[in-house]
Colleague: 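Take this structure first; my questions come after.
All values reported here derive from a predicted model rather than from experimental measurement.
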Amino acid sequence: MSNKLKNPIIPGFYPDPSICRVGNDFYLACSSFELCPGVPIFHSRDLAHWEQIGYAVTPENGFHVEKNCGNGGVMAPTLRYHNGLFYIINTNYSDKGNYIVTAENPAGPWSDPHWLTDVPGIDASIFFDHDGKAYIMGTGDVWDNGTGVKERGIWLAPYDIENYCLSGEPVTIFNSALRTGASPESPHLYHIGDYYYLVIAEGGTEHYHAVMVARSRELFGFYEGNPANPVMTHRHMGFQCPITNVGHADLVDLPDGSWYAVMLASRLIDGECKNLGRETFICPVVWERDWPLFSPKTGQMEWEYDAPKSLPWTEYPPVKEREEFDDERLDFSWNFWGTPYEKFYQIRDSKLRLKCIRQALAEDIRPMGFEAEKKKDRFVSFLARRQLEPDTTVTCQMAFVPEDRESAGIAVVQAMNHQYHLERAVQDGQQVIRLVLVTEDYELQPYMPGFTSKTNREILASDVWEEAEIILQIKMEHEKFTVNYGSSVDSLKELCIADGKKINPEIVGCMTGTMVGMYATGNGTDSDNFAEFDWFEYKSNAGSKNGKEKR
């Protein structure tokens, strides 16, 4: 029986994958939005098994990101290797926009950001030609449709990689594969044989997402679209397709000359929801008549493919399910929300202590924009990791006695203030355990002019609990969330059953995926009180793709 590439190759909220090969090693970078550290880096020898080796942007190299709607921060990185250095070009909506970081070792350390003040727009990408010359491309309103109105398109310019500045004027090289194609973006450029190939995303990153390809014999020519475009999409397969949102591809060649493409896609849960956000998928690519053919014979993203026989099958130890907090250094799976400028957390005596700082886990969402003033208090006392499978159980042991408005516990967090809080709090003068549902009403995205929103909070269930120690548990079975609590794991009782669809509606989209973790807050008031966590356990059922498909 042959080894398999099983999709998603990196499950959970790891979108916008960019890949490169150096010798026999493959490296991959993903978007991380408002999480800190940012831009996770993975390594593989076989394309099937991936091990996280670090982050490209961290507080140590000046990473500033702000907790807001979940959909801001850093997105759409391009990872490339040239002349002994790894390069990541990326956009940070919480800071000055486009930047480049470099590293000799992709595990780090990475350089401080080189801010690209002369590179406009979003989704900037870098390309090194065979002669070593560097170029930058990006997305913007650069295509003149003949009426004098500029439309979205792709531009390309020579780049001085030593001084981090453009060395020539941008040239428009493509508009969109379809005449009415929406959101042409995320360009990647390759020089293969006699052609330069441009691979872009189109249709927006949700249901109508697609991979488009164009080519030109001249680097600065206007690229001709592939007559077969879109070369990969699931938008024609309907809203019930179990793999959806397929797009945003990056190509990589193997030492044996074969090709693959990584891209993002989402698993549809219960035919409706996308709790896990956009994940990293892979498919084989072959070349026919000087065009790339994605997922030959089927033309769709499959749950699995035969693994390349030319690569050494290389498994890695699984990420541990239970965190005992025995080491001050946390695993790469853990993230903060916003750059933590204050030391609100402490690991001591095999326990995690989270301080009840003023910032709340769900605060009113602010409009987004590069011109916004940077603030150093836009983080929360929240330590979380990604949900990786539709069936997931999170459990922890906490010691905490809340005062006044304080609360602490575990949370299931989606974008746009859609959250469940299982928390200890003071309610009507009593010490309680309760489940709080947070949702947000809005019509426009935070990066659009005129954005307004309203935050809603509802206590779904509560019970009196006066002891300091408590076991908290949320068992997520697709969209059925069973909420349990008790004095020990063996004596848990049910607080309520909650509807996961409440925090996973279509309006949230799937830019990011569900985060689960521990938090503490003073809900508007600074406090020296701490919530102490003895352990945290994350267990997922990896045997289910969408509740029906087996891995």
Colleague: Under the side-chain hydrogen bond (donor to acceptor under 3.5 Å, both in side chains) criterion, do Gln419 and Gln414 qualify, and how do the steps go?
Modeller: CA-CA 6 Å; Gln419 307 173 9; Gln414 257 289 5; over 6 Å; no
Colleague: Among Asp16, Leu79, Ile88, Val101, which one satisfies side chain to side chain contact (heavy atoms under 4.5 Å, CB included) with Val39?
Modeller: Ile88
Colleague: To the nearest 0.5 Å, what is the distance between CD (Glu206) and NZ (Lys274)?
Modeller: 5.5 Å
Colleague: Using only atom types and a distance under 3.5 Å, with no angle test, would you say the side chain of Gln52 pairs donor to acceptor with the backbone of Gly54?
Modeller: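 Yes, the answer is positive, given that a donor and an acceptor are paired below the 3.5 Å cut-off.
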Colleague: Measure the acute angle between the ring planes of His418 and Tyr442, then classify it against the limits of 30° and 60° as parallel, tilted or perpendicular.
Modeller: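 Rings of His418 and Tyr442: perpendicular, as their planes differ by over 60°.
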Colleague: For the backbone of Glu66 and the side chain of Ser94, can you confirm whether one donor and one acceptor N or O come within less than 3.5 Å of each other?
Modeller: yes
Colleague: Between the side chain of Arg235 and the main-chain N/O of Tyr208, is any donor-acceptor distance below 3.5 Å?
Modeller: yes
Colleague: For Ser350 and Glu324, what are the C-alpha separation, side-chain angles and deciding distance, and is it a side-chain hydrogen bond (donor to acceptor under 3.5 Å, both in side chains)?
Modeller: CA-CA 6 Å; Ser350 295; Glu324 299 277 3; over 6 Å; no
Colleague: In terms of side-chain geometry, is the basic nitrogen of Lys480 or Asp499 positioned less than 4.0 Å from the acidic oxygen of its partner?
Modeller: no
Colleague: Using the six-membered ring wherever Trp is involved, compare the ring planes of Tyr341 and Phe379 and label them parallel, tilted or perpendicular (cut-offs 30° and 60°).
Modeller: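 The rings of Tyr341 and Phe379 sit tilted, inter-plane angle from 30° to 60°.
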Colleague: Are the aromatic rings of His114 and Tyr99 close, with centres under 6.0 Å apart?
Modeller: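 When the ring centroids of His114 and Tyr99 are compared, they turn out to be at least 6.0 Å apart.
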Colleague: Drop me the distance from Asn417's CG to Lys454's NZ, to the nearest 0.5 angstrom.
Modeller: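 So the CG of Asn417 and the NZ of Lys454 are separated by 12.0 Å.
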Colleague: Is a donor on one side and an acceptor on the other found under 3.5 Å between the side chain of Asn98 and the backbone of Gly121?
Modeller: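 Judged by distance alone, yes, a pair lies under 3.5 Å.
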Colleague: Does the pair Glu202/Arg152 count as a salt bridge with the N-to-O cut at 4.0 Å?
Modeller: no
Colleague: Kindly assign one of parallel, tilted or perpendicular to the pair His43 and Tyr27, based on the angle between their ring planes and the thresholds 30° and 60°.
Modeller: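 Tilted: the ring planes of His43 and Tyr27 meet at 30° to 60°.
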Colleague: Compute both the distance and the angle, then confirm whether Arg386 meets the cation-pi test with Tyr14: under 6.0 Å from the six-membered ring centre, within 45 degrees of the axis.
Modeller: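 Yes, Arg386 and Tyr14 form such a contact.
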Colleague: Can you label the angle between the Trp303 ring and the Phe281 ring as parallel, tilted or perpendicular, going by 30° and 60°?
Modeller: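 Aromatic pair Trp303/Phe281 classed tilted.
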Colleague: Could Lys343 and Tyr345 be counted as a cation-pi pair, given that NZ or CZ must be under 6.0 Å from the ring centre and within 45° of the axis?
Modeller: yes
Colleague: Think Arg385 forms a cation-pi with Tyr538, using NZ or CZ under 6.0 Å from the six-ring centre and within 45 degrees of its axis?
Modeller: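 Flagged: Arg385 positioned over aromatic ring of Tyr538.
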Colleague: Is a side-chain donor or acceptor of Asn61 paired with a backbone partner of Ala56 at a separation under 3.5 angstrom?
Modeller: yes
Colleague: Do Lys374 and Asp95 meet the salt-bridge criterion of a basic N to acidic O distance under 4.0 Å?
Modeller: yes
Colleague: Check whether any side-chain N or O of Ser462 sits under 3.5 Å from a backbone N or O of Ile433 as a donor-acceptor pair, and report yes or no.
Modeller: no
Colleague: Please determine, by modelled atom types, if Asn523 and Gln359 share a side-chain donor-acceptor pair under 3.5 angstrom.
Modeller: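 No, because no side-chain N or O of Asn523 sits under 3.5 Å from a partner of the opposite role on Gln359.
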Colleague: Under 3.5 Å, side chain of Glu279 to main-chain N/O of Gly12, donor-acceptor pair present?
Modeller: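 It does hold such a pair.
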